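A short worksheet on the structure shown next.
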Amino acid sequence: MGRTVRAVAVVALMFLIAVMLSKRLPAPAANGQARRCDIPAEPPRPLHLDRFADRAHLRADSATAESWAIAFADVSPLRQQGAGLYADVRDQCMAMLFARIAQTHEIDVSTVREYVRQRDVIFDAAVLLVFAFAYVVIAYQLVGAVTRRFPGDERFALVAAVIIVSVMTVVAAVLVGDSWSIGAEVLRVGNGHLSYRTERLPWRQYRPAIIATALGVFWLVAVVRIKTQRVQAAERRAMFATDDQLYSNR
């Protein structure tokens, strides 16, 4: 059963990583001198926003326009003259690109601006689930180390140790998870300068809920592992008792 679970976990991780890679947006030019206030051209066609695929397409287009506008402003000479002029260059480029998207897809510019603030739920779910897999594995190993340190008759010490380790693990997970979510977003947009977009990440928006969930998951893993170990220990004792009984009957 252990091998089956590991195989399923590996397949699930590979699937989630494939989902993340499939959601990558066109990246702006790596060479700053080649950057223009432009996005990849596509043939004109109306979008019907009652369709899931068209909504996803508009989210991708608007996110690409925003990313390329930020990348364009990053290499603008006006950036050296202050944050205000930098923001003006970025916003003017973004407005021009949003207008082009609106014209290409026969929708209103305000709709394009609305969709740029929407997250790709499938991508975000894949990012969180990949981290959750790693977190559960680490929590399982940490609980195993704690239970080996404190025997079953030291229940108070075991519970106290699990609580302390869980808090330390969650603090570390919050820091690592923040870096992981930022790195995944950089991979998605192809631009290392996320700017204000960092605050849109679910890890930033729902941090209290993530912390509470991480604590709950750790304690759940602890309960499952401790009970499993006790059942296994009871089965071993029963097996040894049976063997001793058979030996004495001889």
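Bear in mind the structure is a predicted one, so any value in this text is a computation, not a measurement.
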Can you run down the salt bridge (Lys or Arg N to Asp or Glu O under 4.0 Å) pairs that involve residues 8-21, sequence neighbours left out, and say none if there aren't any? none
Does D108 have any side chain to side chain contact (heavy atoms under 4.5 Å, CB included) partners at least two apart in sequence or in another chain, and if so, which? S110, T111
Taking atom CE of M94 and atom CG of D91, what is their separation to the nearest 0.5 Å? 5.5 Å
Under the side chain to side chain contact (heavy atoms under 4.5 Å, CB included) test, residues paired with I164 that sit two or more places apart: M168
From D54 atom CG to I107 atom CD1, the distance as rounded to the nearest 0.5 Å: 9.5 Å
What residues, two or more places apart in sequence or in another chain, satisfy side chain to side chain contact (heavy atoms under 4.5 Å, CB included) together with A157? F150, E154
Under 4.5 Å between side-chain heavy atoms, counting indirect links through other Ile/Leu/Val/Met/Phe/Trp/Tyr residues: same cluster for L49 and I101 or not? yes
Can you name the residues that form a side-chain hydrogen bond (donor to acceptor under 3.5 Å, both in side chains) with R113, not counting sequence neighbours? none
Only counting residues at least two apart or in another chain, list the ones meeting side-chain hydrogen bond (donor to acceptor under 3.5 Å, both in side chains) with S179. none
Apply side chain to side chain contact (heavy atoms under 4.5 Å, CB included) to residues D88 and L78 and explain how you reach the verdict. CA-CA 9 Å; D88 289 341; L78 294 177; over 6 Å; no
Considering all heavy atoms, the nearest T64-P40 contact: CG2-CD, 4.5 Å
Are the side chain of S166 and the backbone of I163 linked by a donor-acceptor contact shorter than 3.5 Å? yes
Quick check: do C37 and L97 have side-chain heavy atoms less than 4.5 Å from each other? yes
Is there a salt bridge (charged side-chain N to carboxylate O under 4.0 Å, His left out) between R59 and E66 once you walk through the steps? CA-CA 11 Å; R59 276 195 302 270; E66 181 181 42; over 6 Å; no
Please tell me if the side chains of V146 and L142 come closer than 4.5 Å, counting only heavy atoms from C-beta onward. no
Cluster link V174 to L128, ILVMFWY, side chain under 4.5 Å: yes
Could you walk me through whether D178 and R204 satisfy the salt bridge (charged side-chain N to carboxylate O under 4.0 Å, His left out) test, starting with their C-alpha distance in whole Å, then the side-chain angles of each, then the deciding distance to 0.1 Å, before giving a yes or no? CA-CA 8 Å; D178 193 59; R204 295 289 181 91; 2.7 Å; yes
Spell out, yes or no, whether L13 and W180 are grouped together once hydrophobic residues are joined by side-chain heavy atoms under 4.5 Å, including indirect joins. yes
Using distance only, find each side-chain donor-acceptor pair of residues 120-127 under 3.5 Å and give its atom names and separation, not counting sequence neighbours.
unit_1, atom_1, unit_2, atom_2, d
D120, OD1, I122, N, 3.2
D120, OD1, F123, N, 3.2
D124, OD1, R119, NH2, 2.7
D124, OD2, R119, NE, 3.0

ring-ring contact (aromatic ring centres under 6.0 Å, His included) contacts touching residues 188-225 (sequence neighbours left out): F131-W203
Residues 16-38 vs side chain to side chain donor-acceptor pair (under 3.5 Å), sequence neighbours excluded, gives D38-R100
Report the distance from atom CG of L187 to atom CD1 of I17, rounding to the nearest 0.5 Å. 10.5 Å
E106/L47 under side chain to side chain contact (heavy atoms under 4.5 Å, CB included): CA gap, chis, key distance, verdict: CA-CA 7 Å; E106 300 180 12; L47 292 180; over 6 Å; no
If you count heavy atoms of other groups shown closer than 6.0 angstrom to CD of Q103, is the number above 12? no
For V221 and A139, the nearest pair of non-hydrogen atoms, with its separation, is CG1-C, 4.1 Å
Scan residues 57-114 for pairs that pass ring-ring contact (aromatic ring centres under 6.0 Å, His included), counting only residues two or more places apart or in two chains. H57-H105
Does any non-hydrogen side-chain atom of S67 lie less than 4.5 Å from one of P28? yes
Please assess D50 against R55 for the test salt bridge (charged side-chain N to carboxylate O under 4.0 Å, His left out), listing each intermediate value before the final yes or no. CA-CA 7 Å; D50 56 338; R55 292 196 300 271; over 6 Å; no
R197 versus I70: any side-chain heavy-atom pair under 4.5 Å? yes
When you compare the side chain of V224 with that of Y140, does any pair of heavy atoms fall below 4.5 Å? no
ILVMFWY cluster, V109 and L58 together (side-chain gap under 4.5 Å): yes
Heavy-atom side-chain contact between R117 and R200 under 4.5 Å: yes
Hydrophobic clusters join Ile, Leu, Val, Met, Phe, Trp and Tyr when side-chain heavy atoms are under 4.5 Å apart, directly or via other members; which others share one with V186? L25, I182, V189, L194, L201
Side chain to side chain donor-acceptor pair (under 3.5 Å) contacts touching residues 125-139 (sequence neighbours left out): none
Count I, L, V, M, F, W, Y as connected when their side-chain heavy atoms are under 4.5 Å apart, and connections chain through other members. Are V137 and I226 then in the same cluster? no
Smallest heavy-atom separation, A222 atom then V162 atom, equals CB-CG1, 3.8 Å
Between A69 and R90, what is the shortest heavy-atom contact and its length? CB-O, 3.8 Å
